[in-house]
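On a predicted model such as this, the values are computed, not experimentally measured, just so you know. Position 1 is the first residue of the sequence, and the numbers go up from there.
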Amino acid sequence: LRAQRKNKEYYTEKIIPLKSIDDVRLFLREWLKYKYGQKPIVFDSILFEKSKEQMNLFLKRKGYYYGEVLGEIIYKKNKTAKAFYSIQTGAPYVIDSIFVKCGNSAVSGAYNKFLRKKKESMGIDPLKGQLFDLDYLSSYRDDIAKYMRNEALYGFNATNITMSVDTNKTTKKVILGLVFGARMIPSTVNKDSLVAVSQAPARIHEVHYHLSDTSMLKVPFTTYLNNPSLEIKDSIDNQFLKTKNILFYKELFYTKKKREEKHIKDKDSLNPERMVFIHFNGKQPIISADILELQNYLEMTNIYKEDYLERSYRSLNQLGVFSTIKPTIIELPGHQLDVHYFLSPAKKQSFSFDPKFTSSFGLLGTAASIKYTNKNLFGGAEKLTLTLGGGFESQPAVFDDGTRSGASFNTFEFGPSLKLDIPGLFPTKVTLFSKRQKPRTLISIGYNYEKRAIFDRNVFQLNYNWKF
């Protein structure tokens, strides 16, 4: 019938394809609504009461134990509701006095130093007169633990500090006690139990670098170990390959200043603080021993500091030679520590290709560059970057008689460049300066050739910089 009304022989059903809501083109209003607008929130009386409970808990954590949170819901005709909260904080609890319980002279001495520095930085007592704020006290306890670990008290944790609290409801005053307990470590007899040990300043016994790498080998790793059934994982950390050879680096002498401090007269006395053990596979380490030693701040015979461990990690990471860096501390009897750095080398060489297309004032251009990078060129963390770049560009003629039409690539440019980043002040020894200074030498060479219709240009550039 529809076909007859339209004077057609047959009727074809029109089928409208369904589209996903994600594929629909949105207008400005819908775009703002669905892209940045907030979804409608259905009122839930349970969540409303829960919100009041959470606000009450927050007040108590901040020291307002007798605060009150009231709520009211106002319903509107358009099926919407507004939530109103009224908060009465009341008088807060304030820390009135503090006492400290500690049976360890090393811990109590370190805490007294921490307290003096805290008062100097804040200008007031960090606890007395402060609100009884649980978040603040937790942060304060973490600060103490961090300071203790930087005072050679290895393994000191915030859980070693407990707080004793005595409150007065009438005066809203708090007597706060800091109780320093013993450090708990896993038992050597029963691994499921903990034993208490006394805290004492810890010193570094030995420093080890484990270069978990087989790139220097010309034979299979199991053949190199001379025993195919031998365990190929390291005995200390099985995430890394076993290393066969050991190099004991001991080439640096005491400086004049160090000899005077330690009252050493012999100028040829080796400095034990600058000695490290390097574990590697093959004939030699993939990176020189003096470069590795310069990255370590937990020096042999010195006291332990957590900041030095973090600084050593950052320093090794900044070399850009290793993909994985894992420091491990092993405790020894007599409050001594062995430091182990497990290192997996990163990919030494890489290539990249970067094509570009440009358009400026209707003038087209194309360019491309190839970059080669070597992160450890001579085995001393020297970074070499070689770039070859070139391109064509369409430039308007300076003197145009109007006889030519269209545009062509009439400008050619080519420019290789080489950059070498060397640790230390080349050509002097890398160990000439202290670890904190970390100078670098930047050598760059560049050449650029440009050819246009009206001139040719050659530019050569050589830079030699020292960076501190």
> If you count the non-hydrogen atoms of other residues, nucleotides and ligands that lie under 6.0 Å from CZ in Phe357, is the total more than 12?
Replying inline: no

> Does NZ belonging to Lys348 count more than 12 external heavy atoms closer than 6.0 Å?
Replying inline: yes

Using a 3.5 Å distance criterion without hydrogens, assess whether the side chain of [X] forms a donor-acceptor pair with backbone atoms of [Y].
| X | Y | result |
| --- | --- | --- |
| Ser138 | Leu134 | no |
| Asn281 | Lys242 | yes |
| Asp237 | Phe240 | no |
| Asn376 | Ala381 | yes |
| Ser139 | Asp135 | no |

Would you mind reporting whether [Y] and [X] have side-chain heavy atoms less than 4.5 Å apart?
| X | Y | answer |
| --- | --- | --- |
| Phe353 | Phe351 | no |
| Leu420 | Leu377 | yes |
| Asn317 | Phe322 | no |
| Lys371 | Asp354 | no |
| Leu137 | Leu127 | yes |
| Lys118 | Asp143 | yes |
| Lys467 | Asn465 | no |
| Ser344 | Asp213 | no |

Please tabulate, one pair per line, all N/O donor-acceptor pairs under 3.5 Å involving side-chain atoms of residues 294-301, not counting sequence neighbours.
unit_1 : atom_1 : unit_2 : atom_2 : d
Gln295 : OE1    : Ser315 : OG     : 2.4
Gln295 : OE1    : Lys438 : NZ     : 3.1
Gln295 : NE2    : Ile291 : O      : 2.8
Asn296 : OD1    : Leu298 : N      : 3.2
Asn296 : OD1    : Tyr341 : OH     : 2.7
Asn296 : ND2    : Leu298 : O      : 3.0
Tyr297 : OH     : Lys435 : O      : 3.0
Glu299 : OE1    : Asn302 : ND2    : 3.2
Glu299 : OE2    : Lys435 : NZ     : 2.8

> Salt bridge check: are Lys375 and Glu382 linked by an N-O gap of less than 4.0 Å?
Replying inline: no

> Pairs in or reaching into residues 419-438: which pass ring pair (Phe, Tyr, Trp, His ring centres under 6.0 Å), with residues at least two apart or in two chains?
Replying inline: none

> ring pair (Phe, Tyr, Trp, His ring centres under 6.0 Å): which pairs involve residues 243-271, sequence neighbours left out?
Replying inline: Phe248-Phe277

> Would Lys258 and Arg274 count as a side chain to side chain contact (heavy atoms under 4.5 Å, CB included) if you check the C-alpha gap in whole Å, the side-chain angles of each, and the deciding distance to 0.1 Å?
Replying inline: CA-CA 12 Å; Lys258 281 283 187 180; Arg274 306 295 297 273; over 6 Å; no

> Does the separation of the ring centres of Tyr64 and Phe132 fall below 6.0 angstrom?
Replying inline: no

>> Is the distance between the ring centroids of Tyr449 and Phe414 under 6.0 Å?
In response: no

>> The test is salt bridge (charged side-chain N to carboxylate O under 4.0 Å, His left out); show your working for Asp456 and Lys451 and say whether it passes.
In response: CA-CA 4 Å; Asp456 292 351; Lys451 180 178 178 59; 3.7 Å; yes

Using the side-chain hydrogen bond (donor to acceptor under 3.5 Å, both in side chains) criterion, which residues pair with [X]? Sequence neighbours excluded.
| X | result |
| --- | --- |
| Asp421 | Arg440 |
| Arg457 | Asn448, Glu450 |
| Asp266 | none |
| Gln349 | Tyr372 |

From [atom1] ([X]) to [atom2] ([Y]), nearest 0.5 Å:
| X | Y | atom1 | atom2 | answer |
| --- | --- | --- | --- | --- |
| Met184 | Asn157 | CE | CG | 12.5 Å |
| Asn160 | Met148 | CG | CE | 9.5 Å |
| Asp234 | Thr243 | CG | OG1 | 5.5 Å |
| Arg314 | Arg311 | CZ | CZ | 7.0 Å |

> Passes side chain to side chain contact (heavy atoms under 4.5 Å, CB included), Leu252 versus Thr431? Steps please.
Replying inline: CA-CA 8 Å; Leu252 300 179; Thr431 56; 4.0 Å; yes

>> Could you walk me through whether Tyr209 and Leu343 satisfy the side chain to side chain contact (heavy atoms under 4.5 Å, CB included) test, starting with their C-alpha distance in whole Å, then the side-chain angles of each, then the deciding distance to 0.1 Å, before giving a yes or no?
In response: CA-CA 7 Å; Tyr209 283 95; Leu343 308 171; 3.7 Å; yes

> Under the side-chain contact (heavy atoms from CB on, under 4.5 Å) test, which residues partner Lys146, sequence neighbours left out?
Replying inline: Arg149, Asn150, Glu306, Asp307, Glu310

> Looking at residues at least two apart in the chain, or sitting in another chain, which of them share a side-chain contact (heavy atoms from CB on, under 4.5 Å) with Lys265?
Replying inline: none

Going by the rule salt bridge (charged side-chain N to carboxylate O under 4.0 Å, His left out), which residues pair with [X] if we only count those two or more places apart in sequence or in a different chain?
| X | answer |
| --- | --- |
| Asp133 | Lys62 |
| Glu151 | Lys113 |
| Lys117 | none |

Indicate the ring-plane relationship of [X] and [Y], choosing parallel, tilted or perpendicular according to the 30° and 60° boundaries.
| X | Y | answer |
| --- | --- | --- |
| Tyr111 | Tyr140 | perpendicular |
| Tyr147 | Phe114 | tilted |
| His279 | His210 | parallel |

>> Checking Ser444 against Asn463: is there a side-chain donor and acceptor pair closer than 3.5 Å?
In response: yes

Between [X] and [Y], what is the shortest heavy-atom contact and its length?
| X | Y | result |
| --- | --- | --- |
| Leu131 | Ile95 | O-CD1, 4.1 Å |
| Pro201 | Leu153 | N-CD2, 3.8 Å |
| Ala145 | Ala158 | CB-N, 3.6 Å |

> What do the steps show when you test Phe460 against Tyr447 for ring-ring contact (aromatic ring centres under 6.0 Å, His included), and what is the final call?
Replying inline: CA-CA 4 Å; Phe460 177 78; Tyr447 172 74; 7.2 Å; no

> Given the rule in the side chain to side chain contact (heavy atoms under 4.5 Å, CB included) test, do Ile98 and Lys128 qualify, once you have shown the distances and angles that lead to the verdict?
Replying inline: CA-CA 7 Å; Ile98 305 101; Lys128 189 175 181 180; 3.5 Å; yes

